[in-house]
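Beneath this line is the structure, given in structure tokens, with notes to follow.
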Amino acid sequence: MDPFKQKLQEIRALAPFEQAQVMAKYRNMCICPVCPNHNTCAMSKHEWFYCFTGRSFFCIDFERTCICDTCMVAKETGLKHSFFCTRGSETAQRYEHTLWGTKIP
Ligand code: SF4
Ligand code: SF4
């Protein structure tokens, strides 16, 4: 099975408080705050961890560099996409790619 789908199934099988613990762990591992694409607006609004929570609201509307491919969360959860701050979560990008017929599932 695809590693991201496998990870989601594992998380969904947990009790709600355990799911929250896993999400908090991954949020703490997120390296968005040191990415060139992140900014003070996003920091002040405690925005990061876009791969699971979705794109930035109001703060990030440009794409310079994405360092998600060096993040342990991406490795541990099997993410295939990037620029989650501008393009939406992994789940959202996968859904859009199925609609528009690209090769990444
Ligand atoms: S993959 Fe990107 S958005 Fe997700 S936790 Fe890592 S740095 Fe943050
Ligand atoms: S999602 Fe990627 S581009 Fe956006 S802030 Fe995080 S690491 Fe940078």
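Just follow the structure's listing: the first ligand is 1, and inside any ligand the first atom is 1. FYI, side chains are in, hydrogens and waters are out, and symmetry mates aren't considered; it's all heavy atoms of this structure.
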What is the nearest protein non-hydrogen atom to [atom], stated with its residue, atom name and distance?
{"atom": "atom 6 (Fe) of ligand 2", "answer": "C32 SG, 2.4 Å"}
{"atom": "atom 4 (Fe) of ligand 2", "answer": "C85 SG, 2.4 Å"}
{"atom": "atom 2 (Fe) of ligand 1", "answer": "C68 SG, 2.3 Å"}
{"atom": "atom 8 (Fe) of ligand 1", "answer": "C30 SG, 2.4 Å"}

Assess C71: does it contribute an N, O or S atom lying under 2.8 Å from atom 8 (Fe) of ligand 1? no
For H81 and H97, take the angle between the two ring planes, folded into 0 to 90°, and tell me which bin it lands in: parallel under 30, tilted 30 to 60, perpendicular over 60. parallel
Taking the side chain as every heavy atom from C-beta outward, state whether W48 and H38 have any pair of such atoms under 4.5 Å apart. yes
Within 2.8 Å of atom 2 (Fe) of ligand 2, is there any N, O or S atom belonging to C35? no
Member of Q93, R87, R94 meeting the side chain to side chain donor-acceptor pair (under 3.5 Å) criterion with E90: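 In the set Q93, R87, R94, the residue that makes a side chain to side chain donor-acceptor pair (under 3.5 Å) with E90 is R94.
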For ligand 1, which atoms, with element, lie under 4.0 Å from some heavy atom of F49? 5 (S)
Taking 4.0 Å as the limit for heavy-atom contacts, which would you say applies to T86 with ligand 2: side chain only, backbone only, both, or neither?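 Neither part.
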Is it true that K80 and D2 make a salt bridge, defined as a side-chain N closer than 4.0 Å to a carboxylate O?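 Result for this pair is yes, salt bridge flagged.
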Does the pair E47/R55 count as a salt bridge with the N-to-O cut at 4.0 Å?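 Between R55 and E47 there is no salt bridge, as every charged N stays at least 4.0 Å from the carboxylate O atoms.
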Contact summary for F62 and T86, nearest pair of heavy atoms: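 For F62 versus T86, the nearest heavy atoms are O-CG2, 3.4 Å.
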Yes or no: does I60 have any heavy atom under 4.0 Å from an atom of ligand 2? no
